[in-house]
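These notes concern the structure reproduced below.
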Amino acid sequence: MTGRRIVYPPGGKMLKSHSCGELRLDHVGQDVTLAGWVHRRRDHGGVTFIDLRDREGLVQIVINPESSKDARTVVETLRTEWVIQVMGKVNKRPADMKNPSIATGEVEIELAKIKVLNPSKTPPFSINDDSDVDETLRLRYRYLDLRRSRMQRNMKLRHQVTKFIRDFLDERGFWEIETPILFKTTPEGARDYLVPSRVHPGEFYALPQSPQQLKQLLMVAGTEKYFQIARCFRDEDQRGDRQPEFTQLDLEMSFVEREDVMALAEELFTSLVETVTPTRELLSKPWPRLTYQESLDRFGDDKPDIRFALELQDISDLVQGSGFRVFEGAIEAGGSVRGINAKGAGSYSRREIDGLTDFVKTHGAMGLATIAISDDDEIRSPIKKFIAEDLLKAIIDRLAAEPGDLLLFVADSNEVVYEALGKLRLHLRDKLQLVDANVLAFCWVFDFPYVTWDEEGKRWDPSHHLFTAPMEEDEVLLDSAPGEARGQQYDIVLNGYEIGGGSIRIHSRDLQEKAFKLLGLAPEVAQERFGHMLEAFEFGTPPHGGIASGIDRVCMILAGEPNIREVIAFPKNQAARDVMAGAPSAVDPKQLEELHIAIIEEKG
RNA sequence: GGGGGCGUGGUGUAGUGGCCUAACAUGCUGGCCUGUCAAGCCAGAGACCGCGGGUUCGAAUCCCGUCGUCCCCGCCA
């Protein structure tokens, strides 16, 4: 997209009159002062060129034998990444010397004066190209990495995303309100980052996992429409799309129902991507809506990537009574047998199919039943000898299989079947290159179960969070059959990533207490941890709901990057370490003493 | 907490038991060159192969351990 033209004030308010990247034919004849980094230098003996770079782009500086001796002497010493200031005249380039590959390629600067503002050591990796560099090295010299075009592009994109969100919500009456970073621990959910209190020995603040409670209290406070681009903290192990601190668009509205929040969020994100990434193709508008159950049945995933098909098919009804114990056993135990048709993978070797089997095993499945149909219609299948031929045909029909296809089945509990096939589906997406990277596929997933049973902890866990309201018609189920109640929750999914989720909240003390009780919080514990919420709900709390969206993930997808570190200026590595500054680090014993903290050495 | 991949001049890679006195590209240093834009040409410096131990006549290469890093599971909205 075309950025705002940067015009520097004339008369020496800054060290430059123009940015390098903004110069065009209109500027021909003007005397300009530029400042930036030496991108490249091409010394031809007589004539020398410098590509001068700043944030806005590149421009070519020409030094002729007719240029001043002083200038030529300085130019000889220049090296890449030196910071220089140049004064010169903008000339039109002769016709055969234009460079269409850069925006300023029609012009060049005839050097009059040059000043070295700061020399540079040879950087540890090249700044002037986008070659791959070991990520640890990039992180260690992040300030240099951020100078490279990829990161400049990503940081700019991120700015445009947050700027768009702010403008959009401002226009609709939202107030941006900051909430505390030092708050109260909530042992439910993720692990908290704790901050010791110096003035209160033995007591700790916690960094917020999200501003959830505070934004609800802002609704109690009559704010009605709130948002924040908020930093959130979770002390859990990292992934490519998870960092210990990350940024959420957090918003909350009073006097709304589920549809109101969904409509707002859908409009926000649709217009966001249409504005910020106009060349990306939006798969569908309005967004498809999937119930949680439909999402699992079709994609084996509650955050489905709907850019490609490869949908799951249930064959339980077919294989029941087939005599094949692996299939029958799963069904008898309450599970199912489902499969996907990996179109065009029928020629996979034994070795490749074994690879797929190993893959599903890492996701809990016992194994993978396969039916490979070669291009000349020959069927290879380890289960062929266990099932009748007409059943095999029926299964092939159900999966709409053709020569050249590979059918893959998992028989297990529904939970395992969904997980294994859902992940296998994504694995095949990458292996078979089934998606167009330019497409953006949003969808809604809703009608989540209100709670899910945690077998290990022998208790009900919230599928969203503690403050989500159940569907009104399902409230009666909370006592009788909590597992069947649905929550007033909705998730935004983009290209297989959950980029946002929200709910209508509970706004009455009675219902909130009931929810706490269901979730195994004893009244006195609930009072200790969330007394302020319960109390607030007694003072005329409006019905309210909202949504939160992971800005890092959104930017990652819009930037086409493989992980969120690429859209965070100073991210931490997989081990949650800042390798540039060296955080976390040991602290002075004096500091610990002041905080009333003693270190316990690791045992063993 | 568990599993897997990777670690070789500054950078990116090749080499997977002797041909390695470690190769290639790029970068770096010096020289030549008046129109290039990933400039070109010539010359040069630069790694004992993450670290420690072991196997072997012989290890960058095999084994064990360790450290770093990335990915996945667990965990986490």
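Numbered from 1 within each chain, the chains take letters A, B, ... in sequence-line order. In what follows, every heavy atom counts, from backbone to side chain, and hydrogens, waters and symmetry copies are set aside.
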Inset, instruction - Would you indicate which nucleotide in B/G35, B/C33, B/C28 comes nearest to any side-chain atom of A/T122? - result: B/C28

Legend entry - Touch class at under 4.0 angstrom, heavy-atom based, for A/H363 against every strand present: sugar-phosphate

Inset, instruction - Using a heavy-atom cut-off of under 4.0 Å over every strand shown, decide if A/D235 touches base, sugar-phosphate, or nothing. - result: nothing

Legend entry - Distance test, side-chain N/O of A/N573 to OP1/OP2 of B/U69, below 4.0 Å: yes

Legend entry - Along RNA chain B (nearest heavy atom to each residue), the more 5'-positioned of A/Q574 and A/D491: A/Q574

Inset, instruction - Answer with base, sugar-phosphate or nothing: what part of the nucleic acid does A/G189 contact at a heavy-atom distance below 4.0 Å? - result: sugar-phosphate

Inset, instruction - Have a look at A/K98 and say if it touches a base, only the backbone sugar-phosphate, or nothing, with a 4.0 Å heavy-atom cut-off. - result: base

Inset, instruction - Specify the separation, in whole Å, of atom CZ of A/F125 and atom P of B/C28. - result: 15 Å

Legend entry - A/P65 side chain, from C-beta outward: closest of B/U34, B/U36, B/U11: B/U34

Legend entry - A/E110 and A/N91 side chains, donor-acceptor separation under 3.5 Å: yes

Legend entry - pair A/W37-A/S120: side-chain heavy atoms closer than 4.5 Å: no

Inset, instruction - Classify the side-chain pair A/S210/A/D250 by whether it contains a donor and acceptor separated by less than 3.5 Å. - result: no

Inset, instruction - Tell me what A/E108 touches on the nucleic acid: a base, only sugar-phosphate, or nothing, going by heavy atoms under 4.0 Å. - result: base

Inset, instruction - May I ask you to say whether A/D474 pairs ionically with A/R486, meaning some side-chain N is under 4.0 Å from a carboxylate O? - result: yes

Inset, instruction - Check whether any side-chain N or O of A/R577 sits under 4.0 Å from OP1 or OP2 of B/U69, and answer yes or no. - result: no

Inset, instruction - Look at the side chain of A/D412 and the backbone N and O of A/V417, then say whether any donor-acceptor pair between them is shorter than 3.5 Å. - result: no

Legend entry - Touch class at under 4.0 angstrom, heavy-atom based, for A/G240 against every strand present: sugar-phosphate

Legend entry - Shortest side-chain distance from A/M97, nucleotide among B/C75, B/U69, B/U36: B/U36

Inset, instruction - Using only side-chain N and O atoms of A/R93, determine if any of them is under 4.0 Å from OP1 or OP2 of B/U36. - result: no

Inset, instruction - Write down the distance between CZ (A/R191) and P (B/G74), rounded to a whole number of angstrom. - result: 14 Å

Inset, instruction - For A/L137, answer base if it contacts any base atom (sugar-phosphate contacts may also be present), sugar-phosphate if it contacts only those atoms, and nothing otherwise; contact means non-hydrogen atoms under 4.0 Å. - result: sugar-phosphate

Legend entry - Any donor-acceptor N/O pair under 3.5 Å between B/G68 base and A/E135 side chain: no

Inset, instruction - Under 4.0 Å between any heavy atoms, over every strand shown, what does A/S126 touch: base, sugar-phosphate, or nothing? Just pick one. - result: nothing

Inset, instruction - Check whether the aromatic ring of A/H44 stacks on the base of B/A39, taking stacking as ring centres less than 5.5 Å apart and planes within 30° of each other. - result: yes

Legend entry - Pi stacking test for A/F49 and B/U36: under 5.5 Å apart, planes under 30°: yes

Inset, instruction - Assess whether one donor atom and one acceptor atom, taken from the side chain of A/R565 and the base of B/C70, lie less than 3.5 Å apart. - result: no

Legend entry - Nearest-nucleotide pick for A/R239, side chain only, options being B/C76, B/U69, B/C73: B/C73

Inset, instruction - Indicate, yes or no, whether a donor-acceptor pair under 3.5 Å links the base of B/C76 to the side chain of A/R242. - result: yes

Inset, instruction - Give a yes/no answer on whether the side chain of A/R42 brings an N or O atom under 4.0 Å of OP1 or OP2 in B/A39. - result: yes

Legend entry - Any donor-acceptor N/O pair under 3.5 Å between B/G74 base and A/D237 side chain: yes

Inset, instruction - With heavy atoms under 4.0 Å as the rule, sort A/N99 into base, sugar-phosphate or nothing. - result: base

Inset, instruction - Name the nucleic acid region contacted by A/R40, choosing base, sugar-phosphate or nothing; use a 4.0 angstrom heavy-atom cut-off, strictly under. - result: sugar-phosphate

Legend entry - Candidate nucleotides B/U36, B/U29, B/G12, ranked by approach to the side chain of A/Q60 - the nearest: B/U36

Legend entry - Any A/K121 side-chain nitrogen or oxygen under 4.0 Å from OP1 or OP2 of B/C28: no

Legend entry - Atom CG of A/D430: over 12 foreign heavy atoms under 6.0 Å: yes

Legend entry - Between P of B/C70 and NZ of A/K572, the distance in whole Å: 13 Å

Legend entry - Heavy-atom check, side chain of A/K92 versus side chain of A/E108, under 4.5 Å: no

Legend entry - Listed nucleotide nearest any side-chain atom of A/R234, set B/G12, B/U34, B/C76: B/C76

